[in-house]
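Read through the structure below, which is laid out as structure tokens, and then see the notes.
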Amino acid sequence: MDSHFFAYMYRLRYIERWSLMRNVMRENVAEHSFHVAVLTHLLCTIANEQFGKQLPTDKIVSMALFHDATEVFTGDIPTPVKHHNPKILANFREIEHLAAERLLDMIPEPLRTVYDPLIDTKKSDDYELKKYVKAADLLDAYLKCVTEMSAGNREFATAQKQIEESMRSLAMPELDYFLKHMAPSLEKTLDEL
């Protein structure tokens with residue numbers, strides 16, 4: 001029996017993000033997943049090297065790579081829609097779980113135990129590790145806002161403020177370190193770098 005799992009993963013490039021917003025630069029879920037994985041790696045490296053933590057970077061980066069895998073079935077539901085009310089959010093979480101089960105059913109049995117906690121995050125209860133993926137996910141959204149604002153697109157001004165508040169609420173020194181030392185470069189032109 002053929003496994004269609006990776007064929008679906010490659011289709012993430014067709015799922016557009018920020019669909020309710022006017023975008024100067026379009027972004028798809030595959031690009032976003034790559035950025036979140038890179039940012040997760042960087043945040044874990046900062047945590048380990050700058051703040052003396054001992055995070056399992058490879059494991060957390062793997063979680064980041066697949067953090068939006070279910071969107072191949074659900075699409076990218078904009079945050080204002082998902083969080084409009086608790087019933088919508090609860091229903092969406094159930095839909096995500098069903099999408100995860102569908103994806104996992106496509107994976108050959110010998111490989112399933114590896115992908116199971118990466119695809120169905122309900123099965124992974126390690127909040128501390130998930131927090132780094134969440135931080136990277138927010139950071140990628142923040143950097144998208146910064147890039148759009150730098151291009152003169154004020155459409156992202158409110159989103160940027162909301163994301164800044166969400167990042168502050170995480171209270172992560174690794175995130176603060178990134179924002180202070182690395183994020184400002186994304187506001188510069190190529191000639192300014």
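Ring geometry for Tyr115 against Phe66 counts as perpendicular: the plane angle is over 60°, on a 0 to 90° scale with 30° as the lower cut.
Scanning all heavy atoms of the two residues, the minimum distance from Leu12 to Ala69 falls at CD2-O, 4.0 Å. Listed here is the closest heavy atom pair of Leu103 and Tyr8: CD2-CB, 4.3 Å. Nearest heavy-atom pair, His35 versus Asp140, reported as atom, atom and distance to 0.1 Å: CB-OD1, 3.2 Å. The shortest heavy-atom contact between Arg11 and Ala7 is CG-O, 3.1 Å. Of all non-hydrogen atoms in Ile163 and Cys145, the two that sit nearest each other are CD1-SG, 3.8 Å. Here the closest heavy-atom approach between residue Leu43 and residue Ala136 is recorded as CD1-N, 3.8 Å.
For the pair Lys130/Met63, a side-chain contact is recorded, criterion being any heavy-atom separation below 4.5 Å from C-beta on. Residues Asn28 and Ile15 are not in side-chain contact: their nearest non-hydrogen atoms beyond the backbone lie 4.5 Å or more apart. Looking only at side-chain heavy atoms (C-beta outward), Cys44 and Ile60 come within less than 4.5 Å of each other. Between His67 and Leu118 the shortest side-chain heavy-atom distance does not fall below 4.5 Å. Tyr132 is listed as a side-chain neighbour of Met172, based on a closest heavy-atom distance under 4.5 Å. When side chains are defined from C-beta on, Leu179 counts as touching Met167, because their heavy atoms get closer than 4.5 Å. Within the 4.5 Å cutoff, no side-chain heavy atoms of Phe73 are placed close to those of Leu98.
For the pairing with Asn23, the side chain to side chain donor-acceptor pair (under 3.5 Å) check across Arg17, Glu155, Lys144 returns one residue only, Lys144. None of Met149, Arg22, Gln160 except one satisfies the side chain to side chain contact (heavy atoms under 4.5 Å, CB included) rule with Arg154; the exception is Met149. When each of Glu94, Arg93, Glu101 is checked for a side chain to side chain donor-acceptor pair (under 3.5 Å) with His97, only Glu101 meets the rule.
Between the side chain of Glu148 and the backbone N or O of Val24 there is at least one donor-acceptor pair closer than 3.5 Å. Of the possible polar contacts, none joining the Thr74 side chain to the Glu96 backbone as a donor-acceptor pair under 3.5 Å is found. For Asn85 (side chain) and Ile88 (main-chain N/O), a donor-acceptor pair under 3.5 Å exists by modelled atom type.
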Could you please spell out the steps behind the side chain to side chain contact (heavy atoms under 4.5 Å, CB included) verdict for Asp105 and Phe5?
CA-CA 9 Å; Asp105 285 344; Phe5 175 71; over 6 Å; no
Please test Glu31 against Arg13 for side chain to side chain contact (heavy atoms under 4.5 Å, CB included), starting from the C-alpha separation and ending with a verdict.
CA-CA 7 Å; Glu31 290 171 300; Arg13 63 184 149 189; over 6 Å; no
Begin with the C-alpha distance, continue with both residues' side-chain angles, and end with the deciding distance and a verdict on side chain to side chain contact (heavy atoms under 4.5 Å, CB included) for His32 and Asp137.
CA-CA 8 Å; His32 168 68; Asp137 194 27; 2.7 Å; yes
Before you tell me yes or no, could you show the steps for Glu128 and Lys131 under salt bridge (charged side-chain N to carboxylate O under 4.0 Å, His left out), namely the whole-Å CA-CA distance, both residues' side-chain angles and the distance that decides it to 0.1 Å?
CA-CA 5 Å; Glu128 185 62 24; Lys131 186 176 178 181; 5.1 Å; no
Residue pair His4, Asp2: steps toward the side chain to side chain contact (heavy atoms under 4.5 Å, CB included) verdict
CA-CA 6 Å; His4 302 303; Asp2 291 340; 4.0 Å; yes
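Summarising the geometry, atom CG belonging to Leu138 is positioned 8.0 Å from atom CG belonging to Leu175; distances are rounded to the nearest 0.5 Å. The NZ atom of Lys134 sits 9.5 Å away from the OH atom of Tyr127 when rounded to the nearest 0.5 Å. Separation of atoms OG1 (Thr40) and CG (Leu55) is listed at 11.0 Å; rounding is to 0.5 Å. Note that the CD1 atom of Ile77 and the CG atom of Leu89 stand 11.5 Å from one another [nearest 0.5 Å].
Residues Ser19 and Asp76 bring no donor and acceptor atom of their side chains to less than 3.5 Å of each other.
Residue pairs satisfying the salt bridge (Lys or Arg N to Asp or Glu O under 4.0 Å) criterion with at least one member in residues 170-183, sequence neighbours excluded, are listed as follows: Lys53-Glu174.
Legend: residues meeting salt bridge (charged side-chain N to carboxylate O under 4.0 Å, His left out) with Arg112, ordered by chain and number and at least two apart, are Glu109.
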Can I get a per-line list of side-chain donor-acceptor pairs under 3.5 Å for residues 186-193, giving both atom names and the distance, sequence neighbours left out?
residue	atom	partner	partner atom	Å
Thr189	OG1	Glu192	N	3.3
Thr189	OG1	Glu192	OE1	3.4
Glu192	OE1	Thr189	N	2.8

